[in-house]
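Throughout, a chain's letter reflects where its sequence line sits, starting with A, and its residues are numbered from 1. Quantities reported herein were computed from a predicted structural model and do not represent experimental measurements.
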Amino acid sequence: MSRDSSKTVEEKLPDKKTNTSEWYSRVLQEAGIVDIRYGVKGFIVYMPYGMSIMKRIIQLYEEELEKTGHRPILFPVVIPEANLRKEAEHIKGFEAEVFWITHAGLTKLEERLALRPTSETAIYPLYSLWISSYKDLPLKAYQTVAVYRYETKATRPLIRGREFLWIETHDVFRTAEEALRQTVEDKDIFHRVTYEVLGIPFLHVMRMDFDKFPGAEHTYAFDTLLPDGRVLQIGTTHYLGQKFSRVFEIKFHDIDGSYSYGEQTCFGIGLSRILASLILVHGDNYGLVLPPRVAPIQIVIIPIPKTGFSRERLENYIEEVRSLLEGAGYRVYADLSEKTPGEKFYHYDLLGIPIRIEIGPREVEQNKVSVFRRDKREREIVDLGRLREYIAYLMEDIPETLKRRAREEMEKNIATVGSIDELMELRGSYSLFKTDFCDSEECAEELKTTTGGYEVRGRFLDEKPGEGARCIVCGGEARSRVLVAKAY
RNA sequence: GGGGCCGUGGUGUAGCUUGGCUAGCAUGCGGGCCUUGGGAGCCCGUGGUCGCCGGUUCAAAUCCGGCCGGCCCCA
């Protein structure tokens with residue numbers, strides 16, 4: 001009956017805090033999130049469990065986009081070379097990472113086709129045809145697709161791939177004011193899902209001019225903090241102004257009879273990276289910890305059979321509990337398979353199922369159930385009569401707990417520094433730094449070199465440098481209060 | 001961008017230095033008995049083009065070259 005303890009230890013996951021990379025690889029594989037064995041560098045397979053979570057994540061963002069007036073579109077994955085080249089800065093920024101289709105069957109194509117690295121140049125030629133009057137505006141649309149970029153940096157499952165999933169919106173407005181307002185709405189949409197539902201905290205910054213999206217006037221980015229202390233960009237929204245509308249002839253007849261070019265924005269929601277963040281931010285040494293809204297199974301019921309206790313009576317009681325909870329609208333699964341309870345506990349912990357209910361002879365005889373919450377790993381005995389109420393409470397409290405924990409973790413990693421020396425002293429205890437900066441690309445380069453990889457991620461929108469503040473690098477006049485961190 | 005490590009049944013690995021036996025072990029998977037409150041046990045069975053291509057050799061998982069893929073560290 002005694003277990004081989006050495007084997008048990010060996011089979012557990014690596015420690016998440018001290019061995020994040022290995023923990024992440026093992027969880028992806030063992031929980032069935034993705035399979036990395038497809039055999040083409042940077043391309044991975046989403047497995048059923050991972051894709052079930054992903055589809056729920058997608059649905060959350062799509063619902064918010066629809067609520068804010070965006071409508072679905074789906075453009076082709078191929079972009080004719082001439083279109084991709086129309087906006088000069090854009091092609092310059094993406095040229096080195098485009099996958100090209102050069103042949104079709106036995107024929108060499110006269111014009112190469114790009115696999116979209118992003119879809120501005122696919123979509124905007126058609127927008128030009130769709131828009132002719134101010135009455136056609138605003139035009140707000142989104143698509144959920146894979147995009148392709150020939151990454152030269154080391155690829156990592158879900159974090160940096162050569163194919164990844166995202167949602168991209170492409171909006172056209174009559175005025176710059178409306179377009180700029182949209183970038184704020186984009187941030188709110190992102191916050192409502194990413195933080196409020198998924199519990200992933202993030203920092204909102206405006207990327208420096210030298211670091212903005214190729215072809216944009218401004219880029220606003222959402223960076224989250226991963227447990228290894230590096231930040232990951234999980235979303236960006238861009239104010240494009242008229243840069244694309246002028247080259248793609250997106251113009252309209254205005255109210256006064258004149259012609260104007262559309263004012264554009266686009267917004268990218270990095271779905272693959274959001275799934276990675278969800279796993280890395282909330283997970284623990286037992287595996288995933290999923291917020292209930294995206295958990296494919298929200299409640300799992302585990303029977304504890306006992307020799308001498310009627311199996312039928314046990315299973316009838318389980319069915320009673322299961323249908324009660326299913327009737328209340330939850331995704332419930334009773335695992336009646338022949339595996340031992342202990343093995344099931346480990347398995348559903350690994351999958352991150354938010355709530356586990358254990359039912360054995362004790363529960364049946366007393367008309368109770370044991371309820372285990374995955375986030376805090378706490379067990380509670382509950383009367384059947386108040387089970388619905390208690391589950392309803394957990395469904396609220398679990399996401400709140402995840403959110404609070406993650407936000408506190410991020411906040412305690414933020415330090416404000418006034419010099420590079422100070423940054424270097426504090427880097428063992430903090431990962432995110434606020435400091436004053438002169439906005440020059442040279443200083444950003446120098447900071448990265450002298451600090452061993454710390455990057456200027458962008459300026460905070462709601463904070464300004466104090467009176468007479470100096471750039472942390474050159475000591476010149478500071479123009480921005482910026483976020484500095486190591487990045488993926 | 002620089003450096004290092006790895007590729008053997010589904011998974012994790014031994015074997016490789018010093019070429020040669022039926023490629024060993026654990027786990028998984030299927031069946032049976034027994035068991036079940038944090039990865040139980042026993043029995044039977046199943047599963048391998050040793051990443052790919054080429055070279056050396058009487059003989060290659062093992063040596064050599066190229067390619068593909070994965071991982072880690074540093075910038």
Side-chain angles (χ1 to χ4, degrees), chain A residues 1-14 18-45 47 96-97 150-163 228-230 284-287 300-311 314-315 317-318 334-351 353 356-366 368-374 377-381 427 444-455 486-488:
Chain A
M1 212 43 270
S2 71
R3 217 173 311 111
D4 181 346
S5 61
S6 65
K7 187 168 69 187
T8 305
V9 168
E10 201 175 302
E11 283 174 352
K12 279 190 177 164
L13 295 170
T18 56
N19 212 343
T20 309
S21 278
E22 206 190 326
W23 177 90
Y24 180 63
S25 304
R26 287 273 299 277
V27 166
L28 287 183
Q29 188 197 324
E30 290 182 21
I33 305 296
V34 295
D35 197 321
I36 61 168
R37 298 173 298 179
Y38 188 70
V40 183
K41 186 178 170 66
F43 290 77
I44 56 165
V45 175
M47 294 173 73
E97 8 187 301
Y150 183 73
E151 290 286 352
T152 51
K153 283 189 180 177
T155 58
R156 252 168 211 280
L158 299 177
I159 291 173
R160 176 176 283 109
R162 290 178 172 178
E163 173 182 62
D228 63 358
R230 284 193 279 175
D284 63 18
N285 282 359
Y286 290 85
V300 64
I301 306 177
I302 310 292
I304 318 287
K306 204 81 171 183
T307 308
F309 189 88
S310 161
R311 182 82 189 214
L314 179 66
E315 292 192 1
Y317 187 79
I318 285 170
D335 186 346
L336 303 178
S337 71
E338 288 305 314
K339 298 185 186 88
T340 60
E343 188 176 356
K344 291 176 188 175
F345 295 166
Y346 276 94
H347 178 67
Y348 292 103
D349 277 356
L350 177 66
L351 296 189
I353 309 304
R356 177 176 80 223
I357 293 179
E358 300 163 23
I359 298 176
R362 291 206 298 259
E363 285 79 3
V364 177
E365 273 158 7
Q366 301 171 26
K368 294 174 189 270
V369 295
S370 294
V371 180
F372 174 89
R373 55 185 291 178
R374 177 69 181 82
R377 306 193 55 71
E378 290 171 359
R379 216 185 243 98
E380 179 112 353
I381 313 278
R427 71 188 160 155
E445 284 294 332
E446 192 182 327
L447 181 71
K448 193 173 175 183
T449 314
T450 58
T451 58
Y454 283 90
E455 295 177 24
K486 286 194 175 184
Y488 268 94

(request) For nucleotides B/rG15 and B/rG24, find the distance between their P atoms and express it as a whole number of Å. (result) 15 Å
(request) Quickly work out the A/Glu338 CD to B/rC29 C1' distance and round it to whole Å. (result) 16 Å
(message) Measuring only the C1' atom in each nucleotide, how far is B/rC29 from B/rG70? A whole number of Å is fine.
(response) 25 Å
(message) Can you see whether A/Tyr488 engages A/Asp228 through a side-chain donor-acceptor pair at a distance of less than 3.5 angstrom?
(response) yes
(request) Measure from CZ on A/Arg230 to C1' on B/rC73 and round the result to the nearest Å. (result) 10 Å
(request) Looking only at non-hydrogen atoms, find the nearest pair between A/Glu363 and A/Ile359 and report the distance. (result) OE1-C, 3.9 Å
(message) Let's test your reading of the model: under 3.5 Å, does the base of B/rG12 pair with the side chain of A/Arg26 as donor and acceptor?
(response) no
(message) Side-chain N or O of A/Arg37 versus OP1/OP2 of B/rG7: is the shortest distance under 4.0 Å?
(response) no
(request) Please check if atom OH in A/Tyr150 has more than 12 non-hydrogen atoms from other residues, nucleotides or ligands closer than 6.0 Å. (result) no
(message) If the threshold is 4.0 Å, N to carboxylate O, is there a salt bridge linking A/Glu365 and A/Lys306?
(response) no
(request) For B/rG1 and B/rC53, measure between their P atoms and round to the nearest Å. (result) 30 Å
(message) With a cut-off of less than 4.0 Å, is there a side-chain N or O of A/Thr340 near OP1 or OP2 of B/rU35?
(response) no
(request) Look at all strands and tell whether A/Tyr286 reaches a base, only sugar-phosphate, or nothing, counting heavy atoms closer than 4.0 Å. (result) base
(request) Quick one: label A/Glu455 by what it contacts on the DNA or RNA (base, sugar-phosphate, nothing), any heavy atom closer than 4.0 Å. (result) nothing
(request) Rounded to the nearest angstrom, tell me the gap between atom CG in A/Asp335 and atom C1' in B/rG38. (result) 15 Å
(message) Classify A/Gly42 by what it touches in the nucleic acid, base, sugar-phosphate, or nothing, heavy-atom distance under 4.0 Å.
(response) sugar-phosphate
(request) Using a heavy-atom cut-off of under 4.0 Å over every strand shown, decide if A/Arg156 touches base, sugar-phosphate, or nothing. (result) sugar-phosphate
(request) Give the nucleotide from the list B/rU35, B/rG37, B/rG38 with an atom nearest to the side chain of A/Thr307. (result) B/rU35
(message) In whole Å, I'd like the distance from the OH atom of A/Tyr346 to the P atom of B/rG38.
(response) 9 Å
(message) Please report the distance separating the C1' of B/rU62 from the corresponding atom of B/rG51, rounded so that it comes out in whole Å.
(response) 16 Å
(request) Provide the distance between the two C1' atoms, one in B/rU56 and one in B/rG19, to the nearest whole Å. (result) 11 Å
(message) Pair A/Glu315, A/Ser310 - check side-chain contact (heavy atoms from CB on, under 4.5 Å), show working.
(response) CA-CA 9 Å; A/Glu315 292 192 1; A/Ser310 161; over 6 Å; no
(request) Give the rounded distance in Å between these two atoms: CD of A/Glu30 and C1' of B/rU11. (result) 9 Å
(request) Assign A/Pro303 to base, sugar-phosphate, or nothing according to its heavy-atom contacts below 4.0 angstrom with the strands shown. (result) nothing
(message) Between P on B/rC34 and CZ on A/Arg311, what's the gap in Å once rounded to a whole number?
(response) 14 Å
(message) Rounding to an integer number of Å, can you tell me how far A/Gln29 CD sits from B/rU11 P?
(response) 7 Å
(message) Is there a side-chain contact between A/Tyr24 and A/Leu158 in this structure, where contact means two heavy atoms from C-beta onward sitting under 4.5 Å apart?
(response) yes
(request) Pick the C1' atom in B/rU36 and in B/rG48, then give their distance to the nearest Å. (result) 35 Å
(message) Please evaluate residues A/Arg356 and A/Glu358 with respect to the criterion salt bridge (charged side-chain N to carboxylate O under 4.0 Å, His left out), reporting the C-alpha separation (whole Å), side-chain torsions for both, the decisive distance (0.1 Å), and the verdict.
(response) CA-CA 7 Å; A/Arg356 177 176 80 223; A/Glu358 300 163 23; 2.9 Å; yes
(message) In whole Å, measure the gap between the P atoms of B/rA14 and B/rC5 for me.
(response) 16 Å
(message) Under 4.0 Å from OP1 or OP2 of B/rG1: is there any side-chain N or O of A/Thr152 that close?
(response) yes
(request) Please figure out whether A/Lys339 or A/Glu22 has its closest RNA chain B nucleotide nearer the 5' end. (result) A/Lys339
(request) Name the nucleic acid region contacted by A/Phe372, choosing base, sugar-phosphate or nothing; use a 4.0 angstrom heavy-atom cut-off, strictly under. (result) base
(message) Could you check whether A/Glu343 pairs with A/Lys339 (Lys NZ or Arg NE/NH1/NH2 to Asp/Glu carboxylate O, under 4.0 Å)?
(response) no
(message) On RNA chain B, does the nearest nucleotide to A/Gly39 precede the nearest nucleotide to A/Arg362 from the 5' side, or the other way round? Give the residue.
(response) A/Arg362
(message) In this structure, how many angstroms lie between the P atom of B/rG37 and the CD atom of A/Gln366, rounded?
(response) 18 Å
(request) Rounded to whole angstrom, note down the C1' distance from B/rG47 over to B/rU17. (result) 31 Å
(message) Dot-bracket for RNA chain B, please. Rules: Watson-Crick or G-U, both distances under 3.5 Å, ( ) within the strand, [ ] when a pair crosses earlier ones, | for another strand, . otherwise.
(response) (((((((..((((......[...))))((((((.......))))))....(((((..]....)))))))))))).
(message) I'd like to know if A/Glu97 and A/Arg162 make a salt bridge, using a cut-off of under 4.0 Å between side-chain N and carboxylate O.
(response) no
